[in-house]
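Counting starts at 1 for both ligands and their atoms, following the listed order.
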Amino acid sequence: MPATIVIGAQWGDEGKGKIVDVLSHDADLVVRFGGGANAGHTIWVGGNKFVLHLIPSGILRQRCINIIGGGCVIDVASLLSEMAGLRAVGVTVGPDRLLLAENAHVVTAYHRAIDQLSGGKIGTTGRGIGPAYADKARRIGIRLGDLRDDAFEANLGAQAEFHGATAKALHGDAPMPDFDQVLDDLRAAGRQLHDHICDLVPVLVRARQQNLRALFEGAQGVLLDIDHGTYPFVTSSNTTVAGALGGLGVHMPFETRIGVVKAYSTRVGNGPFPTELHGPEGEQLRTKGQEYGATTGRPRRCGWLDLPQLRRAFAMNAFTHVAVTKLDVLSGLGPIRVAVEENADGTMHYEEFGAFDADLTAARSFGELPPSCQQLLRFLESQLEARLAMLSTGPGRDDVLDVEHAW
Ligand code: IMP
């Protein structure tokens with residue numbers, strides 16, 4: 001079946017939303033399988049900027065059915081406001097176009113509150129993601145199906161008790177959300193989302209049997225995977241190709257596996273970053289690439305590409321293709337460096353590529369890109385042992401070179 005999966009190969013924010021948006025043109029289904037409103041996919045359509053945190057980018061294509069899978073944690077307030085925002089600009093978001101897994105977990109006001117109190121060490125997005133996954137494992141989580149059936153009061157009570165006690169013990173008299181208010185809000189959300197919530201297993205099995213074109217949209221990136229990333233500076237879900245199957249619970253033979261690589265590295269939040277640039281070069285990348293979090297607005301840490309890390313991510317996920325984004329940010333920057341291996345003393349050994357200064361959006365084919373840019377891309381392709389699929393040369397929906405049609 002023509003199932004394609006798109007995964008960020010770095011620390012998130014690689015520009016996956018744009019790649020998924022382009023590919024969704026040909027898709028019947030676009031599916032998210034993990035994470036929550038900690039993700040932020042920025043897409044530009046007709047001069048309008050959309051930031052989608054939960055809803056798959058396929059919502060902007062009329063023919064696509066969009067699915068939020070069981071491995072996700074869903075802040076229903078955030079979801080409802082995203083749905084309202086899309087409706088306000090004429091996008092239809094009915095239950096025929098947006099399906100929510102009944103086994104996905106709900107991020108409650110308690111999760112957000114405790115994350116904001118204690119997520120600082122990791123530098124979380126404060127969206128309640130970790131606490132929601134922790135409560136799922138503690139067996140006091142609330143699933144979307146419980147919301148639909150108004151069968152969640154007991155577990156909400158358990159959450160209020162647990163997080164209230166934690167907040168009191170660790171943070172003194174930090175105020176916690178009012179139980180009755182949270183209960184009412186969730187009941188109202190359950191009524192509004194009622195018709196969207198379903199058992200996704202038969203839906204996905206049918207999609208596989210009917211050979212539908214399904215696109216699976218990763219959130220965050222390989223290095224933020226809870227099991228295989230730079231623990232403890234990671235998110236709370238599995239962000240890899242292997243993790244997608246866990247989140248879906250239905251086997252999908254992903255024929256095309258696209259690793260998305262930003263032309264340089266960024267990271268938000270704390271944790272190791274061997275190629276980070278602290279001086280003016282880092283600032284230049286941040287300003288030129290507008291590297292501020294789509295979800296939190298935090299400045300992203302910036303640095304050069306890290307090939308040892310990327311080789312590992314590509315090998316783990318058996319990516320068949322590489323999509324390179326934000327190439328235009330490198331234009332006019334001066335010589336470009338790529339870390340190729342770690343020296344014995346822990347520092348990085350870099351390879352340098354010539355500077356280029358051209359409007360990349362003017363290039364209509366790979367051959368029209370500046371020669372040093374082509375060299376850099378071919379180098380990446382050979383190092384990562386994956387075929388160059390797409391190149392993003394500017395922020396617009398059309399600023400993409402399709403080097404090899406990946407479907
Ligand atoms: P959490 O997912 O909010 O718990 O945050 C854990 C770590 O993952 C923090 O370092 C966040 O900055 C990072 N993170 C979570 N989601 C994203 C994302 O979509 N892009 C980049 N970093 C993210």
Side-chain angles (χ1 to χ4, degrees), residues 6-20 32-43 50-57 68 71-75 78 82 104-105 107-108 110-137 141 163 217-240 243 247 259-262 264-273 276 285-286 289-303 306 309 313 325-326:
V6 177
I7 298 277
Q10 295 153 304
W11 280 289
D13 308 318
E14 296 88 355
K16 298 174 289 294
K18 162 111 174 255
I19 300 298
V20 172
R32 269 200 62 184
F33 52 83
N38 47 351
H41 289 174
T42 308
I43 296 166
F50 289 86
V51 182
L52 299 173
H53 297 286
L54 280 160
I55 299 180
S57 324
I68 303 187
C72 295
V73 288
I74 301 182
D75 180 333
S78 168
E82 221 167 284
H105 277 249
V107 176
T108 69
Y110 295 106
H111 298 144
R112 282 194 303 271
I114 205 76
D115 196 17
Q116 281 157 23
L117 283 172
S118 50
K121 196 177 113 213
I122 302 297
T124 69
T125 59
R127 294 295 190 269
I129 306 299
Y133 279 110
D135 277 357
K136 164 171 150 175
H163 296 297
E217 173 179 349
Q220 291 83 44
V222 170
L223 286 171
L224 290 175
D225 185 280
I226 178 91
D227 292 310
H228 308 289
T230 49
Y231 190 88
F233 301 102
V234 292
T235 190
S236 307
S237 58
N238 290 111
T239 57
T240 57
V260 184
V261 177
K262 181 150 54 182
Y264 48 95
S265 301
T266 61
R267 169 160 213 175
V268 268
N270 304 328
F273 186 173
E276 183 167 10
L285 278 173
R286 183 158 39 249
Q290 293 180 28
E291 294 296 350
Y292 296 89
T295 300
T296 59
R298 287 180 291 178
R300 296 178 182 142
R301 300 157 64 192
C302 296
D306 178 345
Q309 173 266 308
T325 60
K326 291 200 150 181

In ligand 1, which numbered atoms sit nearer than 4.0 Å to a non-hydrogen atom of Ile122? 10 (O)
Proximity winner for atom 4 (O) of ligand 1, if only heavy atoms of Thr230, Thr124, Thr239, Asp13 are counted: Thr124
Look only at the side chain of His105 and the backbone of Val73, and say whether a donor-acceptor pair between them is shorter than 3.5 Å. no
Taking Gly128's backbone N and O only, do any of them form a donor-acceptor pair with Asp115's side chain (distance below 3.5 Å, no angle check)? yes
Closest candidate by heavy atom, reference atom 14 (N) of ligand 1, pool Asp115, Leu224, Thr235: Leu224
Distance (rounded to the nearest 0.5 Å) between Leu285 CG and Glu276 CD: 11.0 Å
Indicate the ring-plane relationship of His163 and His111, choosing parallel, tilted or perpendicular according to the 30° and 60° boundaries. perpendicular
Considering heavy atoms of the protein only, find what lies nearest to atom 3 (O) of ligand 1 and give residue, atom and distance to 0.1 Å. Thr125 OG1, 2.6 Å
For ligand 1, is there an atom lying under 4.0 Å from some heavy atom of Arg298? yes
Atom indices of ligand 1 within 4.0 angstrom of Gly123 heavy atoms, with elements: 9 (C), 10 (O), 11 (C), 12 (O)
Find all atoms of ligand 1 within a distance of less than 4.0 Å from any non-hydrogen atom belonging to Val234, and give their numbers and elements. 6 (C), 7 (C)
Tell me, do Ile74 and Arg32 make a side-chain contact under 4.5 Å, heavy atoms counted? no
Audit row: Tyr264, Lys326, side chain to side chain contact (heavy atoms under 4.5 Å, CB included) steps and yes/no: CA-CA 8 Å; Tyr264 48 95; Lys326 291 200 150 181; 3.3 Å; yes
For ligand 1, which atoms have a heavy atom of Trp11 less than 4.0 angstrom away? 21 (C), 22 (N)
Between the main-chain N or O of Glu14 and the side-chain N or O of Thr325, is there a donor-acceptor pair closer than 3.5 Å? yes
I need the atoms of ligand 1 closer than 4.0 Å to a non-hydrogen atom of Gln220, numbered in the order shown. 15 (C), 16 (N), 17 (C), 18 (C), 19 (O)
Students should be able to answer this: which protein heavy-atom is nearest to atom 10 (O) of ligand 1, and at what distance? Val268 O, 3.2 Å
